[in-house]
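Take a look at the structure set out below.
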Amino acid sequence: LSLWFAAKYDRPVIIMNCATVRETKDWFGYRDAKDGSIFWHKSDFVRAVEKGNCVIVLDEFNRLHTTLHNSLYPLLDGRRSTFVEELDSVVMVGPRTVFFATANIGFAHTGTHTMDSAIEDRFGYRLNVDFPDVTTETKIIASKTGLTDIQARRLATFGQDIRRKSVGISSTLSRPVSTRQLIQSGILMKKFEARGKSMTRALDYTILPHYSKEGGRDSEQAQVMQLIQGVFGA
């Protein structure tokens with residue numbers, strides 16, 4: 001969504017991998033030496049913030065420890081500036097700079113941190129992005145894999161069937177399947193087809209291993225196999 005926004009409005013974009021930020025100074029740069037002198041090298045993040053007319057994506061924002069939010073508060077509220085001690089200057093957010101933050105939220109996502117209200121209040125607009133519908137996902141799979149529309153639709157339908165069994169109090173599967181996984185499945189299916197092999201065998205290497213085989217006929221893998229047969233045939 002953020003990349004689409006940047007392309008639509010013809011703005012440069014920088015993606016910050018928040019999971020790699022370990023110290024406050026990681027936002028702003030690092031010390032370096034040249035010709036016997038020590039100086040502070042501004043990070044690409046600071047350059048983008050000051051440049052203006054940029055899209056800055058704080059990716060996987062809830063994998064960032066909450067103590068590392070503090071230095072961002074002044075940049076994300078009405079002040080739009082923060083003092084950086086290492087630079088001995090104020091970093092100002094350039095005009096028309098837009099911040100996006102992405103996060104996978106829920107118990108299924110480990111290694112994440114709870115975001116407090118102070119940081120959440122600074123993102124006034126929130127969008128819940130769900131899986132695409134069958135028609136849209138079919139187009140995505142076909143464009144990324146080279147499968148025919150019919151083949152891609154079967155794969156998208158298979159993905160939707162798994163998702164229906166993985167949500168709600170009556171769910172029988174422990175996890176859904178992502179569009180990314182379906183694309184990987186489609187790529188391998190195309191290779192199997194070129195070699196004259198059963199295309200559905202690709203799912204043995206891309207989807208099935210994610211599900212438990214414990215429980216025999218009632219196992220998760222048995223359920224997924226039934227879905228495969230229902231969508232693709234024996």
Side-chain angles (χ1 to χ4, degrees), residues 1-18 54-63 98-106 108-109 123 125-168 170-211 220-221 223-234:
L1 181 62
S2 55
L3 295 177
W4 169 85
F5 180 91
K8 180 176 176 64
Y9 294 102
D10 193 26
R11 299 185 185 185
V13 59
I14 180 174
I15 300 176
M16 288 291 296
N17 182 1
C18 291
C54 281
V55 174
I56 300 174
V57 184
L58 305 175
D59 197 29
E60 301 286 358
F61 193 64
N62 60 338
R63 295 188 183 277
V98 177
F99 290 91
F100 282 80
T102 71
N104 289 308
I105 298 174
H109 306 287
F123 290 94
Y125 302 102
R126 297 180 65 125
L127 294 174
N128 289 322
V129 181
D130 205 345
F131 295 109
D133 56 54
V134 171
T135 300
T136 303
E137 196 160 41
T138 296
K139 293 178 181 179
I140 295 171
I141 293 171
S143 68
K144 298 289 186 180
T145 64
L147 293 176
T148 66
D149 288 343
I150 293 175
Q151 293 168 336
R153 188 170 188 86
R154 286 175 180 165
L155 194 53
T157 300
F158 169 64
Q160 295 281 347
D161 289 346
I162 287 183
R163 291 164 192 159
R164 278 194 288 269
K165 282 182 166 288
S166 63
V167 296
S170 60
S171 61
T172 56
L173 295 178
S174 59
R175 54 170 292 166
V177 62
S178 68
T179 303
R180 183 185 296 115
Q181 288 177 287
L182 294 178
I183 290 172
Q184 291 300 316
S185 298
I187 291 171
L188 192 56
M189 290 173 79
K190 191 68 176 177
K191 291 180 179 179
F192 276 32
E193 181 185 40
R195 297 173 184 175
K197 297 182 179 181
S198 170
M199 295 176 69
T200 55
R201 284 290 307 280
L203 302 175
D204 293 346
Y205 305 100
T206 57
I207 303 297
L208 272 180
H210 291 282
Y211 297 93
E220 289 189 327
Q221 283 199 8
Q223 294 180 60
V224 174
M225 286 296 297
Q226 290 179 350
L227 293 177
I228 291 173
Q229 291 172 2
V231 174
F232 297 96

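Only heavy atoms go into these numbers, but all of them, side chains included; no hydrogens, no water, no symmetry mates.
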*Go through the steps to decide whether Leu203 and Phe158 satisfy the test side chain to side chain contact (heavy atoms under 4.5 Å, CB included), and finish with yes or no.*
CA-CA 11 Å; Leu203 302 175; Phe158 169 64; 4.2 Å; yes

[X] versus [Y], closest heavy-atom pair with distance:
X      : Y      : value
Leu182 : Ala156 : CD1-CA, 4.4 Å
Gln160 : Asp133 : NE2-C, 3.7 Å
Arg163 : Thr179 : NH2-N, 3.7 Å
Phe123 : Phe100 : CE2-C, 4.3 Å
Arg175 : Ile162 : O-CG2, 4.0 Å
Tyr211 : Val177 : OH-N, 4.1 Å

**Message:** Can you tell me if Lys190 has over 12 outside heavy atoms packed within less than 6.0 Å of its NZ?
**Reply:**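 Result for NZ/Lys190: enclosed.
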
Can you tell me if Arg201 has over 12 outside heavy atoms packed within less than 6.0 Å of its CZ?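 Result for CZ/Arg201: open.
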
Side chains of [X] and [Y]: closer than 4.5 Å at any heavy-atom pair?
X      : Y      : answer
Lys165 : Leu227 : yes
Tyr205 : Phe192 : yes
Phe5   : Arg11  : yes
Thr157 : Arg153 : yes
Thr206 : Gln181 : no

Could you measure the distance from the [atom1] atom of [X] to the [atom2] atom of [Y]? Nearest 0.5 Å is fine.
X      : Y      : atom1 : atom2 : result
Ile56  : Ile15  : CD1   : CD1   : 12.0 Å
Leu155 : Ile183 : CG    : CD1   : 9.5 Å
Leu147 : Thr138 : CG    : OG1   : 10.5 Å
Glu193 : Ser198 : CD    : OG    : 10.5 Å
Met189 : Gln151 : CE    : CD    : 7.0 Å
Asp59  : Thr102 : CG    : OG1   : 3.5 Å

Exercise for review: Take Ile187 and Lys144, measure what side chain to side chain contact (heavy atoms under 4.5 Å, CB included) needs, and give me the verdict at the end.
Suggested key: CA-CA 8 Å; Ile187 291 171; Lys144 298 289 186 180; over 6 Å; no

Please check: side-chain N/O of [X] versus main-chain N/O of [Y], any donor-acceptor pairing under 3.5 Å?
X      : Y      : value
Gln223 : Leu173 : no
Ser166 : Ser174 : no
Glu60  : Cys18  : no

Dump the intermediate steps for side chain to side chain contact (heavy atoms under 4.5 Å, CB included) on Thr136 and Lys139, then the final yes or no.
CA-CA 5 Å; Thr136 303; Lys139 293 178 181 179; 5.8 Å; no

